There are 2 protein chains.
Amino acid sequence: MENETRQEEIIRVAAKLFKEKGYSAVTMRDLATTMNMKAASLYNHINSKQEILEKIIMRIARKFSVGMTTVKSSNDSCIVKLKKIIALHVEVSSQNIYGMAALNHDWVHLEAQLGPYKKLRSDYENDFKEILKEGIAAGEISPIKPDVMMFSILTTLRSLYLWIPKKEVIHLEELTNNLSEILINGIIKEN
Amino acid sequence: MENETRQEEIIRVAAKLFKEKGYSAVTMRDLATTMNMKAASLYNHINSKQEILEKIIMRIARKFSVGMTTVKSSNDSCIVKLKKIIALHVEVSSQNIYGMAALNHDWVHLEAQLGPYKKLRSDYENDFKEILKEGIAAGEISPIKPDVMMFSILTTLRSLYLWIPKKEVIHLEELTNNLSEILINGIIKEN
DNA sequence: CTAATAGACTAACAAGTGTTAGTTTTATGT
DNA sequence: ACATAAAACTAACACTTGTTAGTCTATTAG
């Protein structure tokens, strides 16, 4: 990963700082210091602080959209679709630990891209809910409020970035399996 | 609720602004404007911006600690204890929608109270995990990693503040029951 | 070797930051 | 009606903010 553009490096480092303190609390001088340069020099590579935030967030948001489209268009059962979505979150989150924090917390500070971001997110949530409703209609899933179900599952998946780095060894497949088990079957022991 | 101190009013309004934009992005002038006063006048009622954040966060954090202590010292089964914790989160979250955002996002900006806050939180998580482990030992709960279980349940509960206000009618008992069902039994239909 | 370009630098800007000091207004209790 | 206290105000402070302009330097291409 050493053919990384200087711009990409700035964005990567910015994402890390944004995770630690939030977009608003990170100054261009903070970012510059971490990059071992002066604040003004950053502008040889990026146009504005806002642009950094946009790139961090929209890049990841689009990955989720693409993933959801793939899952939606498959012929799997609803439960399998759900498992694939869980795997999608584990994958994207583990590869973008810092960026996920910005996506979850700092999207409110988007300006020009706020609308597009919200569109992607609400489309995603609608697709998610649709899968749950299909599952209920097909008798695969309990007929509880799909809203509450989606909220419960999706907030867990959206918070993965907080938690993945705490695991000593990140065994992604095992994590995906454990999460699927818990989110789908619950925690209660069946006899 | 009209015998509310002016200080309490400031804190309540601040919590709402903190939820919308985050602690760092809210200026004392923003807060003053919302309160229909000038920034300097705020200081007749509070000592600093930091103090506002402390009061918002620590107040709620202590409610959770007290609640957990009560649950812990009961003689209920682990499943019942879990249900009581779920009810605790629904109750505290619904009564402190704005404050919960600060607790979840802006605790990083605590200064003097950062240590005490982290202590309360890690104690809470340890107690939570202990309940799960007891449940596993007693055969009530599936022997999956208690870490993953706790993460899954707790992040859902911690995100309630994002979601409760979206419900048209907030029927708290029904929400508590639905959440218990989903978090404990999962979403799959049993035959 | 020279010219060109990328990318660092210094200096500065206009606006915004939390907060303080001192003053005036408003409400309260006798 | 008047003294007192609570709570608003204006003005200002020292500092920080994102960003721009202009310059110097090191690497690269011909």
Side-chain angles (χ1 to χ4, degrees), chain A residues 1-58 98 102 105-114, chain B residues 1-58 98 102 105-114:
Chain A
M1 201 191 283
E2 200 40 69
N3 48 359
E4 185 186 39
T5 305
R6 199 92 167 106
Q7 185 191 78
E8 285 166 354
E9 194 184 350
I10 291 172
I11 292 172
R12 178 172 52 81
V13 170
K16 183 167 185 177
L17 295 183
F18 291 169
K19 188 197 172 192
E20 286 160 9
K21 311 205 297 173
Y23 175 74
S24 300
V26 174
T27 71
M28 295 304 275
R29 285 165 181 84
D30 288 339
L31 178 52
T33 302
T34 311
M35 292 286 300
N36 287 313
M37 63 204 298
K38 293 296 156 70
S41 306
L42 294 168
Y43 290 82
N44 284 319
H45 306 280
I46 51 103
N47 293 312
S48 66
K49 189 187 179 189
Q50 175 70 199
E51 186 196 53
I52 298 177
L53 185 68
E54 288 175 358
K55 295 211 171 175
I56 294 172
I57 292 182
M58 297 306 287
Y98 303 128
H105 289 57
D106 291 324
W107 63 267
V108 287
H109 297 115
L110 284 174
E111 293 164 14
Q113 293 298 313
L114 179 60
Chain B
M1 202 191 283
E2 201 39 69
N3 47 0
E4 185 186 37
T5 304
R6 199 93 168 106
Q7 185 190 78
E8 285 166 354
E9 195 185 351
I10 290 172
I11 292 172
R12 179 172 52 81
V13 170
K16 184 167 184 176
L17 295 183
F18 290 169
K19 189 197 171 192
E20 286 161 8
K21 309 204 301 172
Y23 175 74
S24 300
V26 174
T27 71
M28 296 305 275
R29 285 164 183 86
D30 289 339
L31 178 52
T33 303
T34 312
M35 292 287 298
N36 287 313
M37 64 203 298
K38 293 297 156 68
S41 306
L42 294 168
Y43 290 83
N44 285 319
H45 306 280
I46 50 104
N47 293 312
S48 67
K49 188 187 180 188
Q50 175 70 201
E51 185 197 52
I52 299 176
L53 185 67
E54 289 175 358
K55 295 211 170 173
I56 294 173
I57 292 182
M58 296 306 287
Y98 303 129
H105 290 57
D106 291 324
W107 63 267
V108 287
H109 297 115
L110 284 174
E111 293 164 13
Q113 293 297 313
L114 179 59

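We name chains A, B, ... by the order of the sequence lines, and we start the count at 1 in each one. A quick note: this is a predicted structure, and the numbers were derived from the prediction, not measured.
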Report yes if a side-chain nitrogen or oxygen of A/K49 is closer than 4.0 Å to either non-bridging phosphate oxygen (OP1 or OP2) of D/dG18; otherwise report no.
yes
Looking at D/dA6, I'd like to know if its phosphate oxygens (OP1 or OP2) sit under 4.0 Å from a side-chain N or O belonging to B/H45.
no
Using whole Å, report how far [atom1] of [X] lies from [atom2] of [N].
X: A/M28; N: C/dA11; atom1: CE; atom2: P; result: 20 Å
X: A/Q7; N: C/dA6; atom1: CD; atom2: C1'; result: 14 Å
X: B/R6; N: C/dA27; atom1: CZ; atom2: P; result: 12 Å
X: B/Q50; N: C/dT19; atom1: CD; atom2: C1'; result: 14 Å
X: A/L31; N: D/dG18; atom1: CG; atom2: C1'; result: 12 Å
X: B/E9; N: D/dA6; atom1: CD; atom2: C1'; result: 15 Å
X: B/M35; N: D/dC9; atom1: CE; atom2: C1'; result: 15 Å
X: B/Y43; N: D/dA8; atom1: OH; atom2: P; result: 14 Å

Between [options], spot the one nearest the side chain of [X], thanks.
X: B/N44; options: D/dA7, C/dG18, C/dA8; answer: D/dA7
X: A/K38; options: C/dT10, D/dA7, C/dT19; answer: C/dT10
X: A/A40; options: C/dA11, C/dA21, D/dA8; answer: C/dA11

What does A/T27 touch in the nucleic acid at a heavy-atom separation under 4.0 angstrom: a base, only the sugar-phosphate, or nothing?
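Sugar-phosphate, backbone atoms only, no base.
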Using a heavy-atom cut-off of 4.0 Å across all strands, would you classify B/R29 as base, sugar-phosphate, or nothing?
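Base contact.
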Measure the acute angle between the ring planes of B/F18 and B/Y23, then classify it against the limits of 30° and 60° as parallel, tilted or perpendicular.
perpendicular
